[in-house]
Amino acid sequence: MTETKGKKALSLCILRVLEQHANKANPLSTRHIIELLREDHGMIAERKAVGRNLLLLQEMGFPLSTYQENGKGYYLKTDADNIKHEHDPIALDAYLRAPRSDRSEAEILKLQDEVSIFVSEAEVRSQPESIFLTLDLLKQAIAEKRQIGFLYAVVETNGKKAPQRETPFTVSPYALFLAEGYYYVIVSMSGYGRLLHYRCDLMEQVTLSDQPARAPETLIECRDGLDVEAYVNRTIYHTDVRELHTVLCAGHLTGELLDRFGEAVTMRPEGETIRAEIDAPWEMVRKFLTANLRHTTLLAPAWRRAQMREELLSALSTYPQG
């Protein structure tokens, strides 16, 4: 083990750790980077110092893939010219500081370590000081796996907030993220079998419950764990996150399937119907299903099937007979 001393050497040592231990299939978390700095270079580094130096490496032009970009960790890209940079890490500081907030530097750095960040081209928004109190409670609830209660506000046409309903919501919180200039919390609600998210600045009178939170793995869409980045891309940015869908269709829809999905669909006959495997974003598949409700059945994934059923039942309730 080569011992390296001095703050100026930290960026170089981090770069060596990434070169020697990290790749696309094996990205390193900040904790692993800290461990390897100690083992390989005899260097003791704090989490926030490693974070600052990772950002510095990016600003210096090193092709670094980050947790904010891939949702897993850090590694050096081997073909940086072909990578589309969707998130701008240089903007993180502006977002996290919450303009006109008196929250201290230490607290901002701590928050940066604990909240997933997804930066867009959106305007930097001013956050009220009270948002940090809400975030503290939410972080505590997530860490202790407890349910929370809160009142939720909506913004009316005059720009003022009004309660969405008089009774509080009770949910199980799982993760915080920052996107489009707003803080959000990902939750599940009792009796509702999929994930939801709420804007934290619209949450009022947040309280911790003594009831344990529902485990996210019990939700159909989280059987393999909660993927925060995939959820944010799907619900906030509506990016082309491809999913594999199995659909049973009437035979006359063969041409429409090919027109809509091209090489993304494979089909095989099953009697008078067709079983189609469609590798495409959910919104594209959803539009096809809703346009052909009487002639299609979504078979998989199970959680999308449940979501489709909930949407149809909800729509049916708004069109009573008579």
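Keep in mind that the numbers below use all heavy atoms, side chains included, and drop hydrogens, waters and symmetry copies.
Note that CD of E283 and CD of E243 are 9.5 Å apart. Values are rounded to the nearest 0.5 Å. The CD atom of E310 sits 12.5 Å away from atom CZ of R305, with the distance rounded to the nearest 0.5 Å. Taking CG of D259 as the start and CZ of F288 as the end, the distance is 10.5 Å to the nearest 0.5 Å. Expressed to the nearest 0.5 Å, how far NE2 of H245 lies from CE of M284 amounts to 10.5 Å. Here the straight-line distance linking atom OG1 of T66 with atom NZ of K77 works out to 7.5 Å at 0.5 Å rounding. Between I274 atom CD1 and L248 atom CG the span is 9.0 Å, to the nearest 0.5 Å.
You'll find the side chain of S172 stays beyond 4.5 Å of the side chain of V187, heavy atoms only. In this structure, the side chains of L15 and L76 come closer than 4.5 Å at one or more pairs of heavy atoms. Between E35 and R31, the closest side-chain pair of non-hydrogen atoms falls below 4.5 Å. Side-chain atoms of L312 and L293, non-hydrogen and from C-beta on, do get closer than 4.5 Å to each other. Proximity of L195 to C222: side-chain heavy atoms (C-beta onward) are separated by under 4.5 Å at one or more points. Taking the side chain as every heavy atom from C-beta outward, L176 and C200 approach each other to under 4.5 Å. By the 4.5 Å heavy-atom criterion applied to side chains, E221 and Q307 are not counted as neighbours. Residues L196 and V171 are not in side-chain contact: their nearest non-hydrogen atoms beyond the backbone lie 4.5 Å or more apart.
E156 places no side-chain N or O within donor-acceptor distance of the main-chain N or O of A162, the cut-off being under 3.5 Å. Panel note: side chain N26, backbone H21; a donor-acceptor pair is recorded below 3.5 Å. A donor-acceptor pair under 3.5 Å links the side-chain atoms of Y174 to the main chain of R214, judged by distance alone. Under a 3.5 Å cut-off, the side chain of R38 and the backbone N or O of I44 do not form any donor-acceptor pair. Using modelled atom types, no side-chain atom of R199 and backbone atom of D201 make a donor-acceptor pair closer than 3.5 Å. Looking only at distances, a side-chain donor or acceptor of Q147 sits under 3.5 Å from a matching main-chain atom of P212. Distance alone, capped at 3.5 Å, places no donor-acceptor pair between the Y75 side chain and the A25 backbone.
Using cut-offs of 30° and 60° on the angle between ring planes, the pair F177 and Y184 is parallel.
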CA sep, side-chain torsions, deciding dist, call: L55, R52, side chain to side chain contact (heavy atoms under 4.5 Å, CB included): CA-CA 5 Å; L55 288 178; R52 286 197 299 268; 5.9 Å; no

Could you walk me through whether L298 and T296 satisfy the side chain to side chain contact (heavy atoms under 4.5 Å, CB included) test, starting with their C-alpha distance in whole Å, then the side-chain angles of each, then the deciding distance to 0.1 Å, before giving a yes or no? CA-CA 7 Å; L298 177 65; T296 59; over 6 Å; no

Take R194 and L219 through the test side chain to side chain contact (heavy atoms under 4.5 Å, CB included) and record every step on the way to the result. CA-CA 6 Å; R194 59 191 183 95; L219 301 170; 5.9 Å; no

Would you check, one step at a time, whether the test side chain to side chain contact (heavy atoms under 4.5 Å, CB included) holds for D40 with R16? CA-CA 9 Å; D40 292 357; R16 288 175 177 170; over 6 Å; no

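V155 and M203 fall within the same hydrophobic cluster, defined by Ile, Leu, Val, Met, Phe, Trp and Tyr side-chain heavy atoms under 4.5 Å apart, directly or through other members. Grouping the Ile, Leu, Val, Met, Phe, Trp and Tyr side chains by contacts below 4.5 angstrom, directly or via other members, places Y198 with L208. Both L258 and L253 belong to a common hydrophobic cluster when Ile, Leu, Val, Met, Phe, Trp and Tyr are linked at side-chain heavy-atom distances under 4.5 angstrom. No chain of hydrophobic side-chain contacts below 4.5 Å, direct or via other Ile, Leu, Val, Met, Phe, Trp or Tyr residues, connects Y183 to L151. Taken together through direct or relayed side-chain contacts under 4.5 Å among Ile, Leu, Val, Met, Phe, Trp and Tyr, F261 and M267 form part of one hydrophobic cluster.
Under the side-chain contact (heavy atoms from CB on, under 4.5 Å) rule, T134 has a single partner from L202, V185, V206, I148, which is V206.
Counting heavy atoms of neighbouring residues, nucleotides and ligands inside a 6.0 Å radius, atom CD of Q20 exceeds 12 of them. Atom CD of E263 is surrounded by 12 or fewer heavy atoms from other residues, nucleotides or ligands within 6.0 Å. The local environment of CD in Q205 is sparse, with at most 12 non-hydrogen atoms from other residues, nucleotides or ligands closer than 6.0 Å.
Across A45 and I34, no two heavy atoms sit closer than the pair O-CG2, 3.7 Å. Minimum heavy-atom separation, A175 to I142: N-CD1, 3.7 Å.
Remark: R275 engages E270 in a salt bridge, criterion side-chain N to carboxylate O under 4.0 Å.
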